[in-house]
J.: 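To start, I am sharing the structure in question, which I have written as structure tokens.
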Amino acid sequence: GLKVGKGLLKLSDDDFREHELYELLREFGPAHKLGRRVFDEMMETICTHPAGDDGQKVALVFSPHPDDDVISMGGTIIRLVEQGHKVHIAYMTSGNIAVFDHDAWRFTDFVCSFNELFGIHPDTSNEMKARVRDFLRQKKPGECDCPELLEIKKLIRETEARAGALAAGVPPEQLAFMNLRFYRTGTIAKAPIHPEDIEDLIRLFKQLKPDQIYVAGELSDPHGTHRTCAMAIYEAVRRVRAEQQFFEVWLYRGAWEEWEPHEIERVVPLSPSDLERKKNAIFRHQSQKDKAMFPGGADKREFWQRAEDRNRNTAKTYDQLGLPEFYALEGFVQWRE
């Protein structure tokens with residue numbers, strides 16, 4: 001339908017023949033029957049109530065980095081909260097290697113000035129400021145950060161995540177900062193997943209007892225963190241399911257790619273105000289705005305621009321196929337084993 005510029009219900013037998021889809025036409029045709037079948041299947045993907053409408057549900061969103069949640073499914077989080085469901089977000093890594101030194105210095109300077117202004121242990125703060133300043137002055141290109149600087153950068157990402165989640169309607173008490181061990185190398189290269197990381201995930205499942213979880217199904221992030229996080233979650237899910245704990249697992253795509261139309265199993269419609277609110281939640285991640293340290297590939301757009309374009313394009317694709325017209329759509333695929 002996209003190739004010939006026609007909606008699904010307008011396709012003819014000749015459209016299939018001209019694109020060498022004889023077998024498809026022979027097995028499932030004629031064209032009007034086949035088009036109706038695909039149309040009906042895609043209509044079923046449109047979901048205005050992602051957790052259902054029969055009572056309050058618990059949704060657990062896993063965010064590999066402290067901003068993937070709002071970038072990839074901020075609109076769905078907003079919708080879940082508005083519909084009365086309880087949304088928890090688990091930030092799996094600190095994201096501290098993706099903070100520029102100048103941001104870490106700015107916040108260090110702010111804290112010292114704040115403490116001096118209000119008489120809160122200024123001597124201790126200024127000692128830390130001096131150590132950070134001395135390290136940054138002598139830091140060589142490619143050199144790992146000192147432990148204090150890594151902690152400062154971790155704190156920056158945490159406070160941004162709390163602000164971003166709150167902008168989407170999720171309060172701080174429903175956030176978990178897991179700081180999984182495989183990420184704690186201080187460098188781009190990461191360690192393998194640690195057995196205790198899996199145990200941490202299992203404990204979270206048992207504590208929250210979610211009805212559905214959301215996982216980053218995008219495996220194209222530049223340094224493999226999303227893939228490692230997904231593999232850890234899948235293993236934890238297998239183990240809790242063996243103990244008879246069941247929940248839906250939905251996969252979202254992140255900052256680098258989107259699901260293809262034929263892959264999508266659920267889309268959540270977003271209004272213009274939903275998308276604006278989602279963008280505002282992304283903006284709370286100030287250390288990643290304007291210019292992120294690891295934007296990935298040759299794509300020069302900011303993360304909020306990628307998210308907006310992707311959501312608008314998914315809606316445009318549905319419209320071109322003759323499906324209902326929406327302002328924007330967030331797409332998901334269900335994980336099954």
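Numbering of residues begins at 1 and proceeds along the displayed sequence. Below, each value reflects all heavy atoms present in this structure, side chains not excepted, and no hydrogens, waters or symmetry copies.
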J.: Inspect the contact between Glu160 and Lys289 and indicate whether a charged nitrogen and a carboxylate oxygen are less than 4.0 angstrom apart.
T.: no
J.: Can you measure from CH2 (Trp259) to OG1 (Thr45) and round to the nearest 0.5 angstrom?
T.: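 With rounding to 0.5 Å, CH2 (Trp259) is 14.0 Å from OG1 (Thr45).
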J.: Is a side-chain donor or acceptor of Asn115 paired with a backbone partner of Pro122 at a separation under 3.5 angstrom?
T.: no
J.: Could you walk me through whether Tyr91 and Phe177 pass the ring pair (Phe, Tyr, Trp, His ring centres under 6.0 Å) check?
T.: CA-CA 5 Å; Tyr91 300 100; Phe177 293 91; 5.1 Å; yes
J.: Hey, is Glu116 close enough to Lys129 for a salt bridge, meaning N to O under 4.0 Å?
T.: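 Looking at Glu116 and Lys129, the cut-off is not met.
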J.: Distance alone, cut at 3.5 Å: any donor-acceptor contact between the side chains of His65 and Asp68?
T.: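 Judged by distance alone, the side chains do pair up.
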J.: Under 4.0 Å between a side-chain nitrogen and a carboxylate oxygen: does that hold for Arg157 and Asp67?
T.: yes
J.: Give a yes or no on whether a salt bridge exists between Arg203 and Asp200, defined as a side-chain N under 4.0 angstrom from a carboxylate O.
T.: yes
J.: Could you report the tightest heavy-atom contact between Pro50 and Leu80, atom names first, then the distance?
T.: CG-CD2, 3.8 Å
J.: Look up atom CD in Glu260 and atom OG1 in Thr314, then write down how far apart they are to the nearest 0.5 Å.
T.: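 If we round to the nearest 0.5 Å, Glu260:CD and Thr314:OG1 are 9.5 Å apart.
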J.: I need the minimum non-hydrogen distance between Ser94 and Tyr183, along with the two atoms involved.
T.: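 What the structure gives for the nearest pair is OG-CE2, 3.6 Å.
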J.: What's the spacing between Trp105 CH2 and Arg137 CZ if we round to 0.5 Å?
T.: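 CZ of Arg137 is found 7.5 Å from CH2 of Trp105.
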J.: Can you tell me how far CD of Glu258 sits from CZ of Arg306, rounded to the nearest 0.5 angstrom?
T.: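 That separation rounds to 13.5 Å.
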J.: Report the residues that fulfil side chain to side chain contact (heavy atoms under 4.5 Å, CB included) with Arg312, sequence neighbours left out, ordered by chain and then residue number.
T.: Leu275, Glu308, Tyr327, Ala328
J.: Quick one: list whatever passes side chain to side chain contact (heavy atoms under 4.5 Å, CB included) with Met43, sequence neighbours left out.
T.: Phe39, Ile46, Leu323, Pro324
J.: State whether Arg37 and Glu41 are salt-bridged, where the test is any N-O pair (Lys NZ or Arg NE/NH1/NH2 against Asp/Glu carboxylate O) under 4.0 Å.
T.: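 Between Glu41 and Arg37 there is a salt bridge, with a charged N closer than 4.0 Å to a carboxylate O.
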J.: Identify the heavy atoms of Pro269 and Asp274 that sit nearest to each other, and give their distance.
T.: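 Nearest heavy atoms, Pro269 then Asp274: O-OD2, 4.3 Å.
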J.: Are any of the side-chain nitrogens in Glu257 or Arg253 under 4.0 Å away from the carboxylate oxygens of its partner?
T.: yes
J.: Please find the pair of heavy atoms, one from Ala236 and one from Leu201, that lie closest to each other, and give the distance.
T.: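 Smallest interatomic distance, heavy atoms only, reads CB-CB, 3.7 Å.
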J.: Does this structure show an ion pair linking Arg106 with Asp103, if we count only N-O contacts that are shorter than 4.0 Å?
T.: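 The answer is yes: the pair qualifies as a salt bridge.
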J.: At their closest point, which heavy atom of Ala167 faces which heavy atom of Arg277, and how far apart are they?
T.: O-NE, 3.0 Å
J.: For the pair Lys278 and Glu330, find out whether any cationic side-chain nitrogen is under 4.0 Å from an anionic carboxylate oxygen.
T.: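 Salt bridge between Lys278 and Glu330, a charged N being under 4.0 Å from a carboxylate O: yes.
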J.: Please report the closest heavy-atom contact between Cys229 and Thr93, naming both atoms and the distance.
T.: SG-CG2, 4.3 Å
